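To find a chain, count down the sequence lines: A is the first, B the second, and so on, and within it residues start at 1. On a predicted model such as this, the values are computed, not experimentally measured, just so you know.
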Number of protein chains: 2
Amino acid sequence: MAPKKQESNSQQREASGRRERAHRILDAAAALILRWGYDKTNVEDIARQAGVGKGTIYLHWKTREELFRALIKREQLAMAADFKQRISEDPAGATLHTMYKHYVSVLMKRPLLKALILRDTDVLGKFAHSEHSSAAFIERVAGFKIYLEFLREHGLVRTDLSMREQVYMLSAIVMGSYLIAPWMPDELTLTDEELADLVADTVQRSLESGRSASADELQVISHTFLEQLNRGIALYEAQFQHDLDS
Amino acid sequence: MAPKKQESNSQQREASGRRERAHRILDAAAALILRWGYDKTNVEDIARQAGVGKGTIYLHWKTREELFRALIKREQLAMAADFKQRISEDPAGATLHTMYKHYVSVLMKRPLLKALILRDTDVLGKFAHSEHSSAAFIERVAGFKIYLEFLREHGLVRTDLSMREQVYMLSAIVMGSYLIAPWMPDELTLTDEELADLVADTVQRSLESGRSASADELQVISHTFLEQLNRGIALYEAQFQHDLDS
DNA sequence: CACGTGACCAAATTTCTAAACTGGTCATAA
DNA sequence: TTATGACCAGTTTAGAAATTTGGTCACGTG
């Protein structure tokens, strides 16, 4: 690659340094929020933990809440990458239940996102009750509908249920699985893997059509799905990177 | 029936009066709790609404919490009666999914129990966080396991899933259906009947075996189940009545 | 005498306010 | 030009004071 002129090089190095610093700040925020909860994590603590001055944080984000939104975004992107990886490696990755198996599995490893989805008030504090939380859920449901429509078109899921019913029950199964965990008596708890498999089995039986697609067909569908997912991730990523550079 | 002697008659009339008064107090408590929530419903208001003195309430129950427990018990008994009625009238009443259809349907009409199950903090306030709530859930799950075992023995539900997984997913489906309702965007909400049918469909597909029992077999199973249910209700009822008489 | 009642009290809850903290800014330093 | 922490207004917290409430019981009533 041709070398850029002096000024551009310098800007790039600086931009990269900024970016690294932004990540350091987000790391600090993540650690503190998981340890103390959102409400009790203040900007000064984050700055100290990240080894920067408080003012520096405001060079990256306009408000504390914006910083937290960036953290969530980063977490979602990391999770999406995990998810993409697994789907692309799984021959059955195009089926609804396989997607959910990986989704549950991958989400289990992200306590911050788990808390966000479950609106865990201990961790998220006021953030859980803010607009963002509901908006995120609605957005999630909307994204959902698009790929569900896609699977319906390919006959991989039942079409004798309305989209409304299907989205509702899909949400209910996944949310229900998470939500009841803390209420279950000890002898009825499941490991993360058991839960992922159980959700997958339930989704398959209750929402997929009987029809089993050929390996070729599955690959085509999986490919198209991953394309779509990639586009979404890229867009989100670009937006996130832009945010980081202020 | 032979007439009882004078004293007994008098005691009976009094007891019946007491019982009626107890119900009046519970009615008042139910109305106030639904209107203002548990925390903001005090004993004096209940007494006034029921048209009795405050001290009278303590002739029936030792504490405010005991009064509320009695109210819940009464509500559960009423719901159980509803449920029994529907199951006994439905030829498919012995199947798991039919039970759940009626269960959901019947529970929807009981806001107090709905709040208890959902631990709706607005209505239940501190009561939701008390021992009683968790205990009730665990008890519910335990009762569950008994009749699930029964259905497994008759091959009406899958046996290739462990009880643990089955109970977990059954709880997840039902709880999930209730819990997500308030988070759903408007265009995705379902009516109570739609939800009951959807839950039934999901339970059938994901937890029942393919095997369909004959009408005769179903009736036998249904009969046995109702016997068991009746015994449970009678026991609970006796206990409740005894409580009312102080 | 037996039952019902509301005044009464200790304990819990709410309200109020002074003190402490924190998100965000910006003059200053590097 | 970039980073910082002292600074300030607005918010949160602590805890004292005031109010409310669960539960008791001496008294009134039929």
Rounding to an integer number of Å, can you tell me how far [X] [atom1] sits from [N] [atom2]?
X: His60(A); N: dG23(C); atom1: NE2; atom2: C1'; answer: 17 Å
X: Arg24(B); N: dG4(C); atom1: CZ; atom2: C1'; answer: 12 Å
X: Lys126(B); N: dA11(C); atom1: NZ; atom2: P; answer: 17 Å
X: Ile25(B); N: dG4(C); atom1: CD1; atom2: C1'; answer: 11 Å
X: Glu20(B); N: dG4(C); atom1: CD; atom2: P; answer: 12 Å
X: Ile57(A); N: dG23(C); atom1: CD1; atom2: C1'; answer: 11 Å
X: Asp39(A); N: dT11(D); atom1: CG; atom2: P; answer: 16 Å

Produce the list of close N/O pairs, under 3.5 Å, pairing protein atoms with atoms of nucleotides 26-30 of chain C; give distances to one decimal.
none

Might you point out which heavy atoms bring Met108(A) and Asp192(A) nearest each other, and give the distance in Å?
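Reported closest heavy-atom pair: CB-OD2, 3.6 Å.
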Would you check if there is a donor-acceptor pair between the side chains of [Y] and [X] at a distance under 3.5 Å?
X: Gln228(A); Y: Tyr147(A); result: no
X: Gln241(A); Y: Arg19(A); result: yes
X: His129(A); Y: Arg119(A); result: no

Picking from [options], which would you name as closest to the side chain of [X]?
X: Val52(A); options: dT4(D), dT25(C), dG22(D); answer: dT4(D)
X: Lys54(A); options: dG23(C), dT4(D), dT5(C); answer: dG23(C)
X: Arg21(B); options: dG4(C), dT4(D), dT12(D); answer: dG4(C)

For the pair Glu194(B) (side chain) and Thr191(B) (backbone), establish whether a donor and an acceptor sit closer than 3.5 Å, ignoring hydrogens and angles.
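Yes, the answer is positive, given that a donor and an acceptor are paired below the 3.5 Å cut-off.
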Would you confirm whether Arg24(A), through its side chain, and Ala50(A), through its main-chain N or O, come within 3.5 Å as a donor-acceptor pair?
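Checked: pair present.
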Nucleic acid contacts - residues 41-51 of chain A versus DNA chain D, non-hydrogen atoms under 4.0 Å
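Hits under 4.0 Å, by residue number: none.
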List in numerical order all residues of residues 61-73 of chain B for which some heavy atom is under 4.0 Å away from an atom belonging to DNA chain D.
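Heavy-atom contacts with DNA chain D come from Thr63(B), Arg64(B).
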May I ask you to decide if the ring planes of Phe127(A) and Phe68(A) are parallel, tilted or perpendicular, using 30° and 60° as cut-offs?
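Phe127(A) and Phe68(A): perpendicular rings.
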Indicate the ring-plane relationship of Tyr103(A) and Phe83(A), choosing parallel, tilted or perpendicular according to the 30° and 60° boundaries.
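Judged by the thresholds at 30° and 60°, the geometry between Tyr103(A) and Phe83(A) is perpendicular.
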Using a strict cut-off of less than 4.0 Å between a Lys/Arg side-chain nitrogen and an Asp/Glu carboxylate oxygen, indicate whether [X] and [Y] qualify as a salt bridge.
X: Asp45(B); Y: Lys40(B); answer: no
X: Asp82(B); Y: Lys109(B); answer: yes
X: Arg74(A); Y: Asp27(A); answer: yes
X: Glu149(B); Y: Lys145(B); answer: no

Regarding Lys40(A), tell me which of base, sugar-phosphate or nothing describes its non-hydrogen contacts under 4.0 Å with the strands shown.
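Lys40(A): no heavy atom of the nucleic acid under 4.0 Å.
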Please confirm whether the shortest side-chain N or O distance from Thr56(B) to OP1 or OP2 of dG4(C) is below 4.0 Å.
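For Thr56(B), the contact criterion (side-chain N or O under 4.0 Å from OP1 or OP2 of dG4(C)) is not met.
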